A.B. asks: 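Supplied in structure tokens, the structure appears directly below.
Quick caveat, the model's predicted, so the values are computed rather than measured.
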Amino acid sequence: SSHIGSSHLGSGSVRRSPFQPALARFLARAKAMLSTLRVTQAALRRHARTATAAAASNLPATTFAPVKFAKEDVEVVMSELPDFNYYEIKESVPNPYKGSTLDRSVLLDPPAPAPLAAPKAEFSQLENGLKVASVDKGGLTARVGLFVSAGSRFETSANFGVSNMVSMMSFASTAHLSQLRTVKSLEQLGCNSTAMCKAGREETVYKVDVARKFVPLVVPLLVGNVLFPRLLPWEVKATAKKVKDMRKTLETDADAMVSDLLHKAAFCNNTLGLSPHASERCLSYFTPETIRGFLLDHFAPERMVLVGVNVAHNDLAKWAMRSFADYNAIPMKKREETKATYTGGDLRMEGSSPFCHVALALQSSPWGQADMAALALLQSILGGGSAALATPGAGTTTRLATQVVKQSPYVESCAAFNTSYSDAGLFGVYGVSQPDKAGDMCMSIAKTLTGLTNVSGDELTRAKAMLKGNLFRQMDDDSALMQDMGTQLLLSGR
């Protein structure tokens with residue numbers, strides 16, 4: 001049989017499984033491994049603190065340019081919109097380039113090359129507190145995201161699953177557009193497959209990838225989700241029927257299911273342990289009143305960040321201002337900031353995967369702490385590997401790759417991870433193996449972790465180089481850059 005499991009160094013009941021004896025021996029070594037990681041982290045912290053302090057001293061303070069609300073002439077505003085027709089049937093015309101060979105230029109009037117400029121981050125803030133950030137890399141596809149500091153950790157016993165409900169009701173009817181008109185608009189803009197909303201544990205993100213010239217049209221569509229959604233009863237009822245299907249899809253995704261179990265075991269019945277995925281028992285809360293109440297409690301502009309990549313900052317800030325200028329936004333409410341309580345434990349479930357997926361995690365530092373640099377280096381030293389795939393920067397010479405994956409034909413993949421939140425974090429190793437060899441894999445992981453007391457200078461230098469390379473590659477990814485900017489501004493305000 002196959003198993004999906006997540007384990008933490010802490011108390012918790014363990015059900016019988018094929019790899020329980022080996023896992024029990026592994027848990028017996030937990031205290032020694034935990035002390036080893038603390039010693040290693042302290043050593044890495046000394047190396048990282050100097051570099052972090054030097055880098056921080058060279059960074060300029062983030063300044064937000066104020067954006068005032070202004071009453072504008074409607075005709076002037078409409079004249080700035082790009083040409084766009086909701087319903088347009090174009091007549092077919094003969095292809096003027098038919099029969100052209102590759103040695104002939106099809107550009108009759110070649111456009112003048114645009115001047116190159118180094119990308120830079122720009123920041124603004126509207127009068128209502130909403131922050132706007134952007135990086136223009138000159139790309140033709142713009143990525144725009146609206147980040148809201150609201151997620152499953154803010155749910156209560158009266159609205160379990162409401163954050164998932166909010167995401168499922170995205171891009172539905174608003175005060176200005178019906179759901180049909182919204183969907184048709186996204187289709188005509190060519191972004192119906194990229195427009196999405198995802199609710200996490202601490203944030204809810206609305207995203208759209210669209211042609212650069214259509215940014216003035218998608219910004220009001222994004223803002224409409226949080227400013228004036230209608231939440232019509234029949235649309236809510238139709239969406240509620242999809243909960244069962246979404247749950248089935250989640251249970252077939254072993255990686256997502258392990259992550260869900262991991263947080264439930266680490267923060268049992270509190271804050272970060274509350275799942276962002278609604279279940280069937282949440283259906284009784286799936287009402288317009290519940291969703292509207294959650295929006296009124298958490299969706300104030302002061303808790304929002306609008307981020308764009310490959311967009312002109314002035315245009316992004318201007319259309320964000322115009323989207324809010326004539327409307328009363330949700331007022332800021334004080335909410336109870338319950339601190340995440342780490343409990344530890346062990347959770348398992350049967351899965352459809354032919355392999356056993358195991359995640360072992362330890363409590364780590366929250367986002368923004370000085371230990372983050374040390375944890376990033378520790379993750380690079382451990383690295384990871386796959387028996388079937390090797391990508392640039394994957395770390396085929398790292399400890400997990402050489403000491404776990406390459407040492408056993410039964411291990412499919414193994415990698416270190418570090419997840420940080422506003423007041424807590426998880427650091428650990430995720431592995432995939434044959435079900436009857438999962439206990440042996442756990443023992444190999446434990447042995448690798450306990451060996452971290454010895455880190456040579458060459459290994460540390462190599463880990464730093466790998467970490468820098470991975471960071472640069474992520475900055476080349478527009479989606480990763482947008483996500484990173486939005487998360488940083490939500491958690492730190494800068």
A.B. asks: Between the main-chain N or O of Val132 and the side-chain N or O of Ser124, is there a donor-acceptor pair closer than 3.5 Å?
C.D. replies: no
A.B. asks: Salt-bridged, Asp297 to Lys334, with N to O below 4.0 Å?
C.D. replies: no
A.B. asks: Within the 3.5 Å criterion, strictly below it, is a donor on Asp260 or Ser275 matched to an acceptor on the partner's side chain?
C.D. replies: yes
A.B. asks: Could you check whether any side-chain N or O of Asp371 sits under 3.5 Å from a backbone N or O of Ser365, counting only pairs where one atom can act as donor and the other as acceptor?
C.D. replies: no
A.B. asks: Is the closest side-chain heavy-atom distance between Met475 and Val135 below 4.5 Å?
C.D. replies: no
A.B. asks: Examine the side chains of Glu203 and Ser149 and answer whether a donor and an acceptor come within less than 3.5 Å of each other.
C.D. replies: no
A.B. asks: Looking only at side-chain N and O atoms, does Thr194 offer a donor or acceptor that is under 3.5 Å from a partner on Asp209?
C.D. replies: no
A.B. asks: With Tyr421, which of Arg201, Arg153, Glu202, His263 fulfils side chain to side chain donor-acceptor pair (under 3.5 Å)?
C.D. replies: His263
A.B. asks: Take a 6.0 Å sphere around CD of Glu337 and say whether it holds more than 12 heavy atoms from other residues, nucleotides or ligands.
C.D. replies: yes
A.B. asks: For residues Phe299 and Phe294, determine if any side-chain heavy atom of one lies less than 4.5 Å from a side-chain heavy atom of the other.
C.D. replies: yes
A.B. asks: Name the one of Ile291, Asn159, Asn164, Val162 that satisfies side chain to side chain contact (heavy atoms under 4.5 Å, CB included) with Phe286?
C.D. replies: Ile291
A.B. asks: Between Lys318 and Glu80, does any side-chain N to carboxylate O distance fall below 4.0 Å?
C.D. replies: yes
A.B. asks: Can a side-chain donor-acceptor contact be found between Asn310 and Asp136 if the only test is distance below 3.5 angstrom?
C.D. replies: no
A.B. asks: Distance only, no hydrogens: is a donor on one side chain within 3.5 Å (strictly under) of an acceptor on the other, for Asn470 and Gln474?
C.D. replies: no
A.B. asks: Can you list the steps and then say if Glu235 with Ser173 is a side-chain hydrogen bond (donor to acceptor under 3.5 Å, both in side chains)?
C.D. replies: CA-CA 8 Å; Glu235 292 182 359; Ser173 296; 2.5 Å; yes
A.B. asks: How about CG on Asn269, more than 12 heavy atoms from neighbouring residues, nucleotides or ligands closer than 6.0 Å, or not?
C.D. replies: no
A.B. asks: With heavy-atom distances below 4.5 Å as the criterion, would you say the side chains of Leu217 and Ser185 are in contact?
C.D. replies: no
A.B. asks: Hydrogens and angles aside, do Glu155 and Ser163 bring a side-chain donor and acceptor to less than 3.5 Å of each other?
C.D. replies: yes
A.B. asks: Answer yes or no for Arg335 and Phe154: cation-pi contact, defined as NZ/CZ to six-membered ring centre under 6.0 Å and angle to ring axis within 45°.
C.D. replies: yes
A.B. asks: So Cys197 and Lys207, do their side chains get closer than 4.5 Å, heavy atoms only?
C.D. replies: no
A.B. asks: Should Arg143 and Asp477 count as an ion pair when the cut-off is N to O under 4.0 Å?
C.D. replies: no
A.B. asks: Can any side-chain N or O of Ser380 pair as donor or acceptor with the backbone N or O of Ala376 at less than 3.5 Å?
C.D. replies: yes
A.B. asks: Is the centre of the His313 ring less than 6.0 Å from the centre of the Phe123 ring?
C.D. replies: no
A.B. asks: Before accepting this row, confirm whether a basic side-chain N of the pair Asp326/Lys71 lies closer than 4.0 Å to the acidic partner's carboxylate O.
C.D. replies: yes
A.B. asks: Around atom CG of Asn95, are there more than 12 heavy atoms from other residues, nucleotides or ligands closer than 6.0 Å?
C.D. replies: yes
A.B. asks: Would you indicate whether Arg212, at its atom CZ, is surrounded by more than 12 heavy atoms from other residues, nucleotides or ligands within a distance under 6.0 Å?
C.D. replies: yes
A.B. asks: CG of Asn270 to OG1 of Thr341: how many Å apart, nearest 0.5 Å?
C.D. replies: 4.5 Å
A.B. asks: State, yes or no, whether a side-chain contact exists between Leu177 and Leu221 at a heavy-atom distance under 4.5 Å.
C.D. replies: yes
A.B. asks: Measuring only between side-chain heavy atoms, which start at C-beta, is Val205 closer than 4.5 Å to Val148?
C.D. replies: no
A.B. asks: Count the heavy atoms of every other residue, nucleotide or ligand shown that sit under 6.0 Å from NZ of Lys137, and state whether that count exceeds 12.
C.D. replies: yes
A.B. asks: Taking only Lys NZ, Arg NE, NH1 and NH2, and the carboxylate oxygens of Asp or Glu, determine whether Glu187 and Lys184 approach each other closer than 4.0 Å.
C.D. replies: yes
A.B. asks: Quick one about Ser170 and Ser167 (side-chain donor to acceptor, distance below 3.5 Å, no hydrogens or angles considered), yes or no?
C.D. replies: no
A.B. asks: Does a donor on one side chain sit under 3.5 Å from an acceptor on the other, for Glu75 and Ser79?
C.D. replies: no
A.B. asks: Does Val226 reach the side chain of Met304, with side-chain heavy atoms less than 4.5 Å apart?
C.D. replies: yes
A.B. asks: Answer yes when Lys68 and Glu127 have at least one side-chain N-carboxylate O distance shorter than 4.0 Å, and no when they do not.
C.D. replies: no
